[in-house]
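Sequential numbering from 1 along the given sequence is applied to the chain's residues.
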Amino acid sequence: MMEQKIELPVGRKTFILIVKDNDDLELYVDNCLRKQDLAEGSHVLYVWTNIELDWEEHRFVEARFHRSSRQLQVTVNREEVLSETLS
């Protein structure tokens, strides 16, 4: 398997999700690693972060990666923005 990278804009910020070759899941905001979940024995990996856009304007970004089905789901403020089956 190859590392897979997904870029999504949130306001004026960009966040990047990376599913590594070993299925580790990483979440970057403006090229800074915010969260990482290691695949060690986990069936569903989960990362999240709170992004402040403008004064008192926040977005809560969550990503779940279901290893068995290769399904990646991303929500922003609990609204789905991506649901994709990775190769």
Side-chain angles (χ1 to χ4, degrees):
M1 280 179 248
M2 295 181 58
E3 177 177 288
Q4 297 193 27
K5 178 179 177 180
I6 293 113
E7 281 189 46
L8 294 166
V10 176
R12 60 178 169 36
K13 304 258 185 192
T14 298
F15 72 92
I16 299 169
L17 289 163
I18 297 177
V19 178
K20 305 289 249 179
D21 295 342
N22 64 353
D23 284 349
D24 288 353
L25 180 62
E26 298 178 341
L27 172 63
Y28 291 79
V29 177
D30 292 339
N31 295 314
C32 179
L33 179 64
R34 288 282 183 100
K35 294 284 189 228
Q36 178 182 42
D37 195 1
L38 305 178
E40 301 167 344
S42 297
H43 297 288
V44 179
L45 302 177
Y46 175 69
V47 291
W48 72 98
T49 192
N50 188 35
I51 300 172
E52 185 172 340
L53 299 174
D54 293 316
W55 192 81
E56 294 297 321
E57 183 183 356
H58 298 269
R59 299 290 187 273
F60 185 64
V61 177
E62 298 174 280
R64 287 177 179 78
F65 178 58
H66 300 260
R67 294 177 66 201
S68 60
S69 65
R70 311 292 300 160
Q71 185 72 27
L72 178 66
Q73 297 169 304
V74 181
T75 61
V76 176
N77 289 355
R78 308 247 187 259
E79 289 187 35
E80 187 172 87
V81 295
L82 177 80
S83 181
E84 183 175 317
T85 302
L86 303 181
S87 57

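- Q71 is linked by a side chain to side chain contact (heavy atoms under 4.5 Å, CB included) to H66, S69, Q73, S83, T85, counting only residues two or more places apart in sequence or in another chain.
- Residues V29 and V61 have side chains not in contact (no heavy-atom distance under 4.5 Å, counting atoms from C-beta outward).
- Residue pairs meeting the salt bridge (charged side-chain N to carboxylate O under 4.0 Å, His left out) criterion with at least one partner in residues 76-87, sequence neighbours excluded, are E62-R78.
- Summarising the hydrophobic clusters (Ile, Leu, Val, Met, Phe, Trp, Tyr; side-chain heavy atoms under 4.5 Å, direct or chained), the residues clustered with V44 are none.
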Should V74 and I6 be marked as a side chain to side chain contact (heavy atoms under 4.5 Å, CB included) after you check the CA-CA gap, both sets of side-chain angles, and the distance that decides it? CA-CA 10 Å; V74 181; I6 293 113; over 6 Å; no
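- The environment of CG in N22 is crowded: more than 12 heavy-atom neighbours from other residues, nucleotides or ligands sit within 6.0 Å.
- Applying the 4.5 Å side-chain rule to ILVMFWY residues, one finds W48, F60 in the same cluster as Y46.
- Here the side chain of R67 pairs no donor or acceptor atom with the backbone of L45 at under 3.5 angstrom.
- Here the NZ-NZ distance, from K20 to K5, works out to 10.5 Å after rounding to the nearest 0.5 Å.
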Side chains of residues 7-17: which donor-acceptor partners sit under 3.5 Å, not counting sequence neighbours?
{"from": "R12", "atom 1": "NH1", "to": "L53", "atom 2": "O", "distance (Å)": "3.1"}
{"from": "R12", "atom 1": "NH2", "to": "L53", "atom 2": "O", "distance (Å)": "2.2"}
{"from": "R12", "atom 1": "NH2", "to": "D54", "atom 2": "OD1", "distance (Å)": "3.3"}
{"from": "K13", "atom 1": "NZ", "to": "D30", "atom 2": "OD2", "distance (Å)": "3.4"}

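- Cluster membership for Y28 and L86, using ILVMFWY side-chain heavy atoms within less than 4.5 angstrom, is not shared.
- Going from atom OG1 of T75 over to atom CZ of R59 covers 13.0 Å, rounded to the nearest 0.5 Å.
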Would you please test R70 and D23 for side chain to side chain contact (heavy atoms under 4.5 Å, CB included) and show each step? CA-CA 9 Å; R70 311 292 300 160; D23 284 349; 2.8 Å; yes
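- Considering CG of L27 and NZ of K35, their distance stands at 9.0 Å, rounded to 0.5 Å.
- Residues satisfying the side chain to side chain donor-acceptor pair (under 3.5 Å) test with R34, not counting sequence neighbours, are T49.
- Judged by distance alone, the side chain of Q4 and the main-chain N or O of S87 form a donor-acceptor pair under 3.5 Å.
- By the criterion of side-chain heavy atoms lying less than 4.5 angstrom apart, applied directly or through intervening Ile, Leu, Val, Met, Phe, Trp or Tyr residues, L33 is not grouped with L38; the two fall into different hydrophobic clusters.
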